[in-house]
Structure formats: C-alpha cells, structure tokens
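As a basis for the values below, the full set of heavy atoms in this structure was taken, side chains included, without hydrogen atoms, waters or symmetry mates. Whatever order the structure lists them in is the order used to number ligands and atoms, beginning at 1. On a predicted model such as this, the values are computed, not experimentally measured, just so you know.
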Amino acid sequence: MKNLFVKTYGCQMNVYDSDRMKDSLAPLGYQENPDLQDADMIVINTCHIREKASEKVFSELGRLRKVKQRAAEEQNREVKIVVAGCVAQAEGEEITKRAPWVDIVVGPQTYHRLPDLVAKLDSVQRTHLIDTEFPPEVKFDFLPEQLGKRGPAAFLSVQEGCDKFCSFCVVPYTRGAEFSRSAETVIEEAKKLISNGTRELTLLGQNVNAWHGIGRDSREWGLGRLIYALAELPNLERIRYTTSHPLDMDDELIRAHAEVDKLMPYLHLPVQSGSDNILQAMNRRHTASQYLTIIDRLRSAREDIAMSGDFIVGFPGETDKDFAETLSLIDKVGYASAYSFKYSTRPGTPAAGKIEQVSEEIKSERLTSLQQLLDSQQFAFNKTCENAVFDVLVEQKAGREGQLNARTPYMQSVYFEGPDSLIGKIVQVKVSDARQNSLSADIIHEKEAK
Ligand code: SAH
Ligand code: SF4
Ligand code: F3S
C-alpha cells in the first residue's frame, strides 16, 4: 500500500477531479492519507482563475521540494510530485522549468492517463512527464468504474469546458471546448453514488446549464430534462447544479424548478456586473435587465428560490457609475449568498490587453463596499429563516462534540445537537438562531427516505 496525499484548489470541478484521480490511482495501490510527511505521491490539483491562485502553486511546490528531499535523505524513500488541474494546463513545461522536482504535469483533460504516466515514469527513467493534450478520447470513458467513498452530498460532472469566452476568463483555455456527457453515463454514475450512500447530487459543469447530452431516447436533452430523469431515482433526495450562465437558462430548466421537488430552491447564477457597458466589454452577451428578467421568471416558477452570484469589481474601464449600477442590481436581486473578486489580469485573455486598467486602490474600495452590501443581504436572508422548519441533509460531524452539520435547501450551513447515526439522513429541524454564515437549530424528527 502506498500513501497518496491530494491537495485541491479552485472550483468544485477540481474537487470532483481529485476524487476521480484518487479512484484511478487506487488500482495501483495508492490510498489517500492526510499526513503529508508519509506521502509516496503528492498530487496538487491547481486553479488558474486569478493570479493569486496560480502563484500559490509555486510557493506550495517550494514547500513540497523540502518534503521530497527529506524523505530521500532521511528514509531513502522516493516521493512523486504531480501537478494537475488548470495551472498544469496553462503553464505545462514552465512548471518543470521552475520546479524541476515535479515528476508529472497532467491537465484536466488527461488525468485519466495518470496511472499510465506513473507506470511510464517508473519504467523509462525520465526526469519528468508532461501531458496537457486535449485528447480525442473522452476522459470519462477511461476513468475507473469503481468509485471511492463519497459523502452524503456528492458532485457529479456532467459538462466540462466553455465556449463563452468572457474576456477576463481563462477557463475556455484551460478546460477547452464545451463537452456534455450522455444522459446514460450520468445516470449510471448517479446510481453508483446513490448505492454508496449519497443522498444529494450537485451536477457540475463550467457552464452546466449549457449541458446538451444524448438522452435515453437518442434525442438531445437539455439540463432540465436530465434533472427530471435523475429525480426518478429512488433514494436520491436532493439535486442541485452549478455553475450556470444566464444565457442558457431555458424554459424546461425553469419549469423543473417549479415541478421537481427534489431540485433545491437555490441557484448560483453569476452576473459579474450590473453595468451594460461592462457586461458588453466582458463579452457576457446579455444586459443587466435580461438577467433580472431571468430571475423574475425563476421566482415565478419557484417563489422561494434563493439566489447566489459572482461579481468582479475593477474590470478594465469600470467607472464609478458602472460600479453604482452593480450595487443597484444587487439591491434589486437580494442575494442569499455571493462571491466577489477584484479583477485579476490573466495572460492570454482579451481583457488583459486593455489599457484602462483600474487601480488596485479603487478595486479594494469597491470590493469592500460591494461585500458590505452582499454580507448585509446574506445576514438579512439568514435572519428570515429564524423559527423556520427545514428538511436538512446531515453531512458530517461538526467541530463541537455532539454537534452535527447539515445544509438547508437554501445551501445554508446549519448546526444542531444529534447522534452521529444521523449522518447521511434527512432530518427536520427548527432554526433557533441565524448568524452571518450559518444557522443553529434543534431537531424535530428524522425523515424516512423517499
Ligand atoms: N463558469 C462560471 C464561473 C467560472 S470562474 C461562470 O460563467 O460564471 C468563477 C468566477 O471567478 C467567475 O464567475 C468570476 O466571477 C471569477 N473570475 C473569473 N475570471 C476572473 C478574473 N480574471 N478576475 C477576477 N475574477 C475572475
Ligand atoms: Fe469563464 Fe465566462 Fe465560461 Fe464562465 S462562462 S467559465 S466566466 S468564459
Ligand atoms: Fe480554477 Fe480551473 Fe476551476 S481555473 S475555477 S480550477 S475550472
């Protein structure tokens, strides 16, 4: 048995990919071990979305060099270092140039080849191997059938890549063109996860609502149709999907929010800015009012739907007026949660070449006021949940002895007292207290699986 240490940065898709890499290394005898010092192989699954994220990789690699050296000197033991994910894809050879102690660089589209790369590394005496191809084969067809243990709430990638080319974003370059898995392979994977104890699935895609896979009837389905089909699976209690693009929010998907009970009333729908000028410069291809119309339609389908979003402040050319329009859009929507970032210049993207860059100081000021507004909306939303009764899925033990941690339908984290035997079950709770980032509650009773 060999020890595998995996560290994951970035989005949920990287979390899914890391799990699949663990699955694919298991037949080679690698088993996950959270102790870095014991590792025989270290995989870092990286994110390239903002400068800070990708620079982190190199400082991390500096630390790993020491781990590798120590194992060699003190225990005569070899530690393999693998860099995977979006920095691997974007930087390729640059990584082994800057960090020659890295053994394997593998991109998001080729990690199914990891076992072969490991075998090759042992047999051909190469200092390192790099595989960042966009291969002709479909990765998902080559990943192991056997899935390792996942939690009560698990991710399932249904779509990967992006054809939208927002002018600030590296994803179309690191993840490649849009690809949708077939409905059949998604449903099969869902069944496996459910038989291993998963009760909630989050369907993943860089642009998940652009999913258009071949359905069971050999016709092309949209994401809405897929959700209807997944909702039929016994013992699956809850369905979510992320991340969506406003342009791909079609009628069937909106209808699913009205008709499918298992589809949770929470949607992450990034808008990035409330200014039409900036939206256009970002190549988002919709206006602020079109975004608001989509939200109105979602709310008519499912009145209590909680909205979440992503925002970028300080995009090149963003004026005070543009920024004020973003605040005004946020006011109109009323978000239950949101993520916000300072614009970060990414080499190779169209926006990187723009001359009207916003100063760091203004970016910081805008981020602070934007986050104040979003935080106050989140707090207000959480407060409306006090005394409410929710069905929640118990995901894990909480830090405090005797406490459990679960998620409400609206994605809030909720804490309450209860026995560990409830992990993986849906229980009904009454919220006693709401804070900025979480709720406290008391159990009313346990629910039977549907
Ligand atoms: N596919 C998703 C999100 C991808 S990246 C979508 O279309 O919304 C996640 C978030 O990171 C984005 O929504 C955006 O808010 C942020 N982001 C992406 N590129 C960025 C950049 N160059 N600078 C700052 N934030 C960025
Ligand atoms: Fe990036 Fe835009 Fe694609 Fe989202 S839709 S992944 S922000 S290019
Ligand atoms: Fe980061 Fe790649 Fe995800 S750049 S956000 S890990 S798609």
Once you restrict to heavy atoms under 4.0 Å, what part of [X] touches ligand 1? Side chain, backbone, both or neither.
X: F168; answer: both
X: S344; answer: both
X: E51; answer: neither

Hey, looking at atom 6 (C) of ligand 1, which of T243, L247, L269 has the closest heavy atom?
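Nearest heavy atom to atom 6 (C) of ligand 1 lies in T243.
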
Is it the case that R435 places NZ or CZ above or below the six-membered ring of F379, under 6.0 angstrom from the centre and within 45 degrees of the axis?
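Verdict for F379: no cation-pi partner in R435.
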
Ring of F142, cation from R113 - is the NZ or CZ under 6.0 Å from the centre and inside 45° of the axis?
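The answer is no; the distance or angle limit is not met.
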
Every residue of the protein that comes under 4.0 Å of ligand 2, judged on heavy atoms:
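The answer is C162, K164, F165, C166, F168, C169, V171, P172, H245, R284, counting any residue whose heavy atom sits under 4.0 Å from ligand 2.
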
[X] to [Y] - nearest heavy-atom pair and separation:
X: S54; Y: R346; answer: OG-NH2, 3.1 Å
X: V43; Y: A84; answer: CG1-CB, 4.4 Å
X: D322; Y: S275; answer: OD1-OG, 2.8 Å
X: F381; Y: T384; answer: O-OG1, 2.5 Å

[atom]: nearest protein contact (heavy atom, Å):
atom: atom 13 (O) of ligand 1; answer: D310 OD2, 2.6 Å
atom: atom 5 (S) of ligand 1; answer: I49 CD1, 3.5 Å
atom: atom 24 (C) of ligand 1; answer: K342 O, 3.3 Å
atom: atom 1 (N) of ligand 1; answer: Q206 O, 2.6 Å
atom: atom 7 (O) of ligand 1; answer: R284 NH1, 3.6 Å
atom: atom 15 (O) of ligand 1; answer: Q272 OE1, 2.6 Å
atom: atom 8 (O) of ligand 1; answer: P270 CG, 3.1 Å
atom: atom 11 (O) of ligand 1; answer: R50 NH1, 3.1 Å

What protein N/O/S atoms are found closer than 2.8 Å to atom 3 (Fe) of ligand 3?
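Atoms qualifying: C11 SG.
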
Assess whether side-chain contact (heavy atoms from CB on, under 4.5 Å) is satisfied between R366 and D320, documenting all intermediate values.
CA-CA 9 Å; R366 288 183 186 163; D320 286 342; 2.8 Å; yes

What's the verdict on ring-ring contact (aromatic ring centres under 6.0 Å, His included) for F140 and H112, showing C-alpha distance, side-chain angles and the deciding distance?
CA-CA 8 Å; F140 297 99; H112 58 293; 9.1 Å; no

From atom 26 (C) of ligand 1, is the closest protein heavy-atom distance below 4.0 Å?
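For atom 26 (C) of ligand 1 the answer is yes, since some protein heavy atom falls inside 4.0 Å.
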
N14 side chain vs T46 backbone, donor-acceptor pair below 3.5 Å:
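Yes, because the side chain of N14 sits within donor-acceptor range (under 3.5 Å) of the backbone of T46.
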
